[in-house]
Number of protein chains: 2
Amino acid sequence: MSNYRDDQIKHFADVFKALSNHNRLRMFLHLVTCCVPGTVGSFDAETGVSACVGDLGRDLEIVPSTVSHHIKELHRAGLIRMERRGQKIECWVDPVILRGLARFFQEPLK
Amino acid sequence: MSNYRDDQIKHFADVFKALSNHNRLRMFLHLVTCCVPGTVGSFDAETGVSACVGDLGRDLEIVPSTVSHHIKELHRAGLIRMERRGQKIECWVDPVILRGLARFFQEPLK
DNA sequence: TCGATAGTTCGACATATATCGAAATATAAT
DNA sequence: ATTATATTTCGATATATGTCGAACTATCGA
């Protein structure tokens, strides 16, 4: 037996699981702060700040295979979006889910 | 080497871990909706709605030892407060952390 | 003091997770 | 074509987690 509310709870539990790992939360915050929400790629050629997989690993000192694994988790949970740009794969935080999460703690599921 | 920001990230990762389990999130939401925030005990004699460990287990169909285990986790993460009232132990959600979480997604750690 | 009720702790088990390095795949540049 | 760069997949390993039932502890009421 499954209902809408329970599915919603499962969804949020899944999102929180994605954010429950130290490195994953660091990656998420890095993406939130370095990327213009909603801007695909969100690459700043001036400062060199970007959000591709490799940069995340370099900035946060996590090996590529681990970054890849975590990125996949964040994506699976719907927290980030990704798009190939040549060799690189750019990621950015989905602003919609960010608002949804703020709301969750303001007026939790009734 | 550890800094303030990183400690904050660890703290939030810990909070999200507490909310990442389906049953634990259900318990948390149950407490949020059935309890007057900040009211110790938050017991409504009229409706019979309460928030003690046993009631949680009954309402959500989770065996006592599991409820106890999850309550401990929620408490450890600072999400709930508990107070003994005779035989029962009443729990309620800390409204401060609820606001802190809403804020986290509005203006994530810079 | 004894029995009932409420909650915790313990031990066991199955399952999930985080991490790494090596090998594989995809794209771009020469 | 070959090489360099970027990312993913795979396999291994260590560690953490969720759940249960049984045994234990605490508090109340008769």
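Values reported hereafter were calculated over all heavy atoms of this structure, with side chains retained and with hydrogens, waters and symmetry mates removed. All chains are named by letter (A, B, ...) in the order of the sequence lines, taking the proteins before the strands, and each is independently numbered beginning at 1. Nothing here was measured: the structure is a model prediction, and the numbers come from that model.
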Enter the distance from B:E61:CD to B:R26:CZ here, rounded to the nearest 0.5 Å. 7.5 Å
Using atom CZ of A:R76 as one end and atom C1' of D:dT8 as the other, report the distance to the nearest whole Å. 17 Å
What's the CZ-P distance between B:F16 and C:dT17, to the nearest Å? 18 Å
For the pair made of CE in A:M27 and P in C:dT19, what is the distance, rounded to whole Å? 10 Å
Would the number of heavy atoms belonging to other residues, nucleotides or ligands and lying under 6.0 Å from CD of A:E107 be above 12? yes
Between A:V63 and B:R58, which has a closest nucleotide on DNA chain C that is more 5'? B:R58
Whole angstrom value for the distance that separates C1' of C:dT17 from CG of A:L74: 14 Å
Atom-pair distance (NZ on B:K88; P on D:dG29), nearest Å: 12 Å
Rounded to the nearest Å, what distance is computed from the CG atom of residue A:L60 to the P atom of nucleotide C:dT19? 12 Å
CD1 of A:I71 versus P of D:dT7: gap in Å, rounded? 9 Å
Do side-chain atoms of B:R84 reach the backbone of B:Q87 as a donor and acceptor pair under 3.5 angstrom? yes
Is it true that a side-chain atom of B:R24 and a backbone atom of B:H70 form a donor plus acceptor pair closer than 3.5 Å? no
Using every non-hydrogen atom in the two residues, find where A:L25 and B:I9 come nearest and quote the distance to one decimal. CD2-O, 3.4 Å
Contact letters for nucleotides 9-18 of chain D, in which S counts primed atoms plus P, OP1 and OP2 and B counts the base, heavy atoms under 4.0 Å: B-------SS
Ring centres of B:F105 and B:F16 under 6.0 Å apart? yes
Whether B:S68 side chain and B:S65 backbone form a donor-acceptor pair below 3.5 Å: no
D:dT7 C1' sits how many Å from A:E83 CD, rounded? 16 Å
Is B:K10 salt-bridged to B:D14, cutoff N-O under 4.0 Å? no
Euclidean distance, B:H22 NE2 relative to B:L60 CG, rounded to 0.5 Å: 9.5 Å
Nucleotide N/O of nucleotides 23-30 of chain C paired with protein N/O under 3.5 Å:
unit_1, atom_1, unit_2, atom_2, d
C:dT27, O2, A:Q87, NE2, 3.2

